[in-house]
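As structure tokens, the structure follows; a few thoughts come after it.
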Protein chains: 2
Amino acid sequence: MKKKDKNLYEAKAKVLKSLAHPTRLWMAEQLSAGEMCVCEFVEQIDADFSTISKHLSVLKQAGIVEDDKRGKQVYYKLRVPCVMNFMECVEAVIAQNAKDQAALLR
Amino acid sequence: MKKKDKNLYEAKAKVLKSLAHPTRLWMAEQLSAGEMCVCEFVEQIDADFSTISKHLSVLKQAGIVEDDKRGKQVYYKLRVPCVMNFMECVEAVIAQNAKDQAALLR
DNA sequence: TCTACTATTTGTTGTTTGGCGAAATAAGCA
DNA sequence: TGCTTATTTCGCCAAACAACAAATAGTAGA
């Protein structure tokens, strides 16, 4: 692996890593349907609000989402909508895993 | 988030997490061009061979790659080729990050 | 069989992440 | 201004991860 590549792969890994957490992934998928405020996430996720805020900041740092403060509330939305496109493929991997798993039992 | 969903998102996150490491991501991209044996990775990556083997096993466990032992060597290949499709989008995120970064300096 | 080679597994260590609760910050309202 | 609500930041601890080195296992050939 070339040195120049190394930085590129680190950058790519950082983006993926930000999505590689169940809560953050769920958040990102919700946002693919439209913006949401922090308070809505707090209502729907069973975790401390400080934890939720932290997850959102990880997504923001990675460039997945952007925030917008309006009054007392902060709204988040996807910054690069294509982000959720590849979920289809992630699901394909899981489906294949399940299939192979099932085959083992036969 | 519904309880049933929780498991699904954990499974998806596991797949993403397996790719969310610079070395593993690079490996997966190499494999998108065709199978490779462990020894080839060892030649090309500056890390202990045990580390490399471990990374491959993480990818295998996630269902990203499958292995095939032939003689003394073990060959790995992508199990679900679409896996690399979404890299395009990851790159789009990085490009956008760079753009915004540049805008700050203006 | 004994040896050399390839790869995986295990043990150890240091680093990073994830989560909570408390404190700090920001905005709107009485 | 002082109070309340919404969110972020900080400090702390436990769990997960990454890397190396040493030990182990499988295969091919002498």
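Quick note: numbers below take in every heavy atom, side chains included, and nothing from hydrogens, waters or symmetry partners. Lettering of chains follows the sequences in order, A, B, ..., and the numbering in each one begins at 1.
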- Item | Spacing of A:Asp67 atom CG relative to D:dA6 atom P, expressed in whole Å | 18 Å
- Query: Between the main-chain N or O of B:Ala62 and the side-chain N or O of A:Asn97, is there a donor-acceptor pair closer than 3.5 Å?
  - Reply: yes
- Between A:Ser18 and A:Arg24, the two heavy atoms sitting closest are O-NE, 2.6 Å
- Query: Base, sugar-phosphate, or nothing: which does A:Tyr76 touch, judged by heavy atoms less than 4.0 Å apart?
  - Reply: sugar-phosphate
- Shared hydrophobic cluster, A:Leu59 / A:Phe49 (ILVMFWY, side-chain heavy atoms < 4.5 Å): yes
- Query: Atom CG of B:Leu16 to atom C1' of D:dA16: distance rounded to whole Å?
  - Reply: 17 Å
- Task: Rounded to the nearest 0.5 Å, what's the gap from NE2 on A:His21 to NZ on B:Lys12? Could you check?
- Result: 15.0 Å
- Item | Segment of DNA chain C, first to last nucleotide, that comes within the 4.0 Å heavy-atom reach of chain B | C:dC5 to C:dT9
- Heavy-atom contacts, protein to nucleotides 20-30 of chain D, under 4.0 Å, summarised as B (base), S (sugar-phosphate only) or - (none) per nt, yield BBB---SBS--
- Query: In terms of heavy-atom contacts, does CD of A:Glu88 have more than 12 from other residues, nucleotides or ligands at under 6.0 Å?
  - Reply: no
- Residue whose nearest DNA chain D nucleotide is more 5′ - A:Gln73 or A:Lys17: A:Gln73
- Output the distance between atom SG (B:Cys37) and atom CG (B:Leu56), rounded to the nearest 0.5 Å. 10.0 Å
- Query: OP1 or OP2 of D:dT8 sitting under 4.0 Å from any side-chain N/O of A:His55?
  - Reply: no
- Task: Scan residues 30-43 of chain A for pairs that pass side chain to side chain donor-acceptor pair (under 3.5 Å), counting only residues two or more places apart or in two chains.
- Result: A:Glu35-A:Arg70
- How many Å lie between NE2 on A:His21 and P on D:dA16, as a whole number? 11 Å
- Rounded off to whole Å, could you give me the CD-to-P distance for the A:Glu40 and D:dT7 pair? 9 Å
- Query: Looking at A:Lys77, A:Arg79, A:Lys60, which one forms a salt bridge (Lys or Arg N to Asp or Glu O under 4.0 Å) with A:Asp67?
  - Reply: A:Lys60
- To the nearest Å, how far apart are A:Gln61 CD and D:dT9 C1'? 13 Å
- Are A:Ile94 and B:Leu16 co-members of a hydrophobic cluster defined by side-chain heavy atoms under 4.5 Å apart? yes
